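Right, one structure below, let's go through it.
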Amino acid sequence: MRMTQLLIPTLRENPADAEVVSHQLLVRAGYLRKVASGLYNYLPLMQRVLKKISQIVRDEMDATGAQELLMPILQPAELWKDSGRWEVYGKELIRLKDRHERDCVLGPTHEEVITTIAKNELASYRQLPMNLYQIQNKYRDETRPRFGLLRGREFIMKDAYSFHTSQEDLEREYQVMADAYTRIFNRCGLETRMVQSDSGAIGGNVSHEYMVLTRIGEDEQQSGENDVYHCSNCDYAANANHASSILSPANTTGDKSAAEVVDTPNATSIESLENDFNIPATIILKSLIYIVNEDIPVMVLIRGDLAVEETKLKNSIQDALEIRLATDEEIKDLTGGSAKGFVGPVELPKPIDVIADTSVLELKNFAVAFNQVDKHLVGVNWDADISTPKNVTDIRLAQVGDTCSACKQGTLEMTRGIEVGNIFQLDTKYSKMMNATYADEDGVEKHFVMGCYGIGISRTAAAAVERYHDDYGIIWPLAIAPYHVVVVPVNTEDETQMTLATQVYEQLQAAGVEIVIDDRDARAGMKFKDADLIGFPIRITAGKKAGEGLLEVKMRDQKESQDLTVEQILPFVQQQFETWKPLQQQPAAVG
RNA sequence: CGGGAUGUGGCGCAGCUUGGUAGCGCACCUGCUUUGGGAGCAGGGGGCCGCAGGUUCGAAUCCUGUCAUCCCGACCA
């Protein structure tokens, strides 16, 4: 294509409303324009990148035997009421009414629709297993869209759904998908890590996320990244909302002491107890009150130095849709006049359900508040002073340095990553809710065992920019670049340069190379700046040495350039395709 | 949904405190000179100053309301 005919509106300055690098660069380089908060026009360059990524996804999905179809964005509310998610999904679900006042939704995902297809069209075990996928726009009414394409209200996603007769077959397909995902991201040039995760609103048992690893360790500004914990010894990796760990034991030596009351004026925090009253955080029993579904109070017990992981907590409470910390007034009401910092599981006016983290069981001679302001009990022991909690589970946020719960040898480290894919074992959650069944060998109707597998197409593009850029602009991996090559005639009025540039342009184009000729009557500096900003992997310049028949070839990710003749150009470019290897990351085994 | 900020040609911003007929840089159009890292000179076009009320002889500027956008938090594929 000729640059003069392309819509590539580059900007000299960063847009004022873009915070993260991928957003800034995609707007500046002419890929993206905002329509409204969280909604974007994908300009021609962006569309080409999205098509590249989509095609890689299609190739690999098709290679596994999955079949592509397309389901509607606009869906009837009935389906969502059938699955129960009309109530569960919350405000992120975009709901609207049609002219007949019928409730509708814009699909954030398509489990309901696909399960209906299975229900209606798959009648026999002979048709199973089956894996169906689509690449489609998705809608989520984010409370706060931000980070450009990393969290929009509309995004493009590949979503696949598989149907099976058994858990074993689901697990087989799950591994097939895990391997396909690794190949997909490798081909996109992205290093990913598969991590265990919480399955959230999608539901189900086992789930993993694919994270593009970005910065390591630095405490920089957020950019749509998540914390990823991984083991220094084995290949265990998990999202913060799922990571488990083995704690270094607290001080549990010594004889049991007798409990006594101490005055702790104004000790409303763990730090205060530690600093002002010399009570180590590791022997404090921290008590928090959460309100579940705006209704039911729950007391949460955890060791003083640890933090509650709220997703884990929510998952441990049956039917919990929403949880939050109690307000000061609620604390006062529930504890008979106590206040933050002095809440405890003893001497409550009315009993409150208690959920304890596993960390509290081994506490000995510990300190605890008992709903008396400015007082704590110390030297407390389970059973002797307080009955041991019955509802004990892992609800804590893992800490860097904790012992790995998988291999029990390594320690947990943390890195940051952008989630670009996820895979779930749904089991029979949706098929049961929507009563989707098939006839098995005995003629008995059984619920489909299901899996679902997502890849954020638009998010993957943004993640690639986050991962591959420099001060001058984007550095696309060859496989997902909008064009492979840009030819820059330094001076369009110089006939020698233009002739040579045109010759190369036509030759490469004829050979199937995706190429742009920058035929704008502009200064060389501007063309170079734009080429760097846009991120063409290969730049060919027809300049000073055009008279000698030489062109300057430079790779976007390298500093040096070399001079080649017209005859040498095509072999050189073809060599780049051959030597540009997708990452050779090995697929992970699903644990 | 809580806290904070901002809305002025396509983009980035000044002007607002102290009301008086809207300005700068980039981009755009014309001409000339330039042509290897975002050129120079000359000329030119484009703005209901987010929107709606109000105060005033007069409002981008002051007041009220409203909408939108962004940041922090809560939430999250």
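Below, read A as the first sequence line, B as the second, and so on, with proteins coming before strands; counting in each chain starts at 1. Owing to the predicted nature of the structure, the values given are computational and were not obtained by experimental measurement.
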### Task
Would you mind classifying the nucleic acid contact of L533(A) as base, sugar-phosphate or nothing, using non-hydrogen atoms under 4.0 angstrom?
base
### Query
OP1 or OP2 of C75(B) sitting under 4.0 Å from any side-chain N/O of R140(A)?
no
### Side-chain touch L43(A)/P9(A), heavy atoms, less than 4.5 angstrom
yes
### Message
For a quick check of understanding: with a heavy-atom distance under 4.0 Å over all strands, which category does N422(A) fall into, base, sugar-phosphate or nothing?
### Response
sugar-phosphate
#### Entry: Donor-acceptor pair between E173(A) and Y453(A) side chains, under 3.5 angstrom
no
#### Entry: Nearest to side-chain heavy atoms of T10(A), which nucleotide of G38(B), C75(B), C72(B)
G38(B)
### Task
Please say whether the positively charged group of R459(A), taken as NZ for Lys or CZ for Arg, lies over the ring of F155(A), i.e. under 6.0 angstrom from the six-membered ring centre and within 45 degrees of the axis.
no
### Message
My understanding is that only one of R523(A), R539(A), R520(A) makes a salt bridge (Lys or Arg N to Asp or Glu O under 4.0 Å) with D530(A); could you say which?
### Response
R520(A)
#### Entry: R28(A) (side chain) and G38(B) (base): donor-acceptor pair under 3.5 Å
yes
Protein-nucleotides 26-29 of chain B N/O pairs under 3.5 Å:
from: C26(B); atom 1: O3'; to: R12(A); atom 2: NH2; distance (Å): 3.3
from: C26(B); atom 1: O2'; to: R12(A); atom 2: NE; distance (Å): 3.4

### Query
Which value, in whole Å, describes the distance between the P atoms of nucleotides G47(B) and A60(B)?
16 Å
### Query
Nearest-Å distance, CZ (F147(A)) to P (C70(B))?
12 Å
### Message
Students often get this wrong, so: under 4.0 angstrom with heavy atoms, is S37(A) touching a base, only sugar-phosphate, or nothing?
### Response
sugar-phosphate
### Gap in Å between the two C1' atoms, one belonging to U6(B) and one to C13(B), rounded
12 Å
### Task
Return no unless some side-chain N or O of R146(A) is found under 4.0 Å from OP1 or OP2 of C76(B).
no
### Query
Atom CG of L7(A) and atom C1' of G10(B): how far apart are they, to the nearest Å?
13 Å
### Query
Are any of T109(A)'s side-chain N or O atoms less than 4.0 Å away from OP1 or OP2 of A77(B)?
no
### Query
Between Y89(A) and W80(A), is there a donor-acceptor pair closer than 3.5 Å when you use the side chain of the first and the backbone of the second?
no
### Query
If you measure from NE2 on H242(A) to CG on D394(A), what distance do you get to the nearest 0.5 Å?
9.5 Å
### Task
Sugar-phosphate means primed atoms, P, OP1 and OP2; the rest is base. With that split, encode nucleotides 30-36 of chain B 5' to 3' as B, S or - using protein heavy atoms under 4.0 Å.
----BBB
### Query
Is G152(A) touching bases, backbone alone, or none of the nucleic acid, heavy atoms closer than 4.0 Å?
base
### Task
Determine the interatomic distance between P on U64(B) and the same-named atom on U17(B); round to the nearest Å.
15 Å
### Message
Regarding K554(A), tell me which of base, sugar-phosphate or nothing describes its non-hydrogen contacts under 4.0 Å with the strands shown.
### Response
nothing
### Task
Name the nucleic acid region contacted by Y472(A), choosing base, sugar-phosphate or nothing; use a 4.0 angstrom heavy-atom cut-off, strictly under.
nothing
#### Entry: Min side-chain heavy-atom separation E92(A)-P108(A) under 4.5 Å
no
### Query
Looking only at side-chain N and O atoms, does R144(A) come under 4.0 Å of OP1 or OP2 in C72(B)?
yes
### Message
Under 4.0 Å, counting only non-hydrogen atoms across every strand here, what does N14(A) touch: a base, just sugar-phosphate, or nothing?
### Response
sugar-phosphate
### Query
Counting just side-chain N and O atoms, does K34(A) come under 4.0 Å of either OP1 or OP2 of C70(B)?
yes
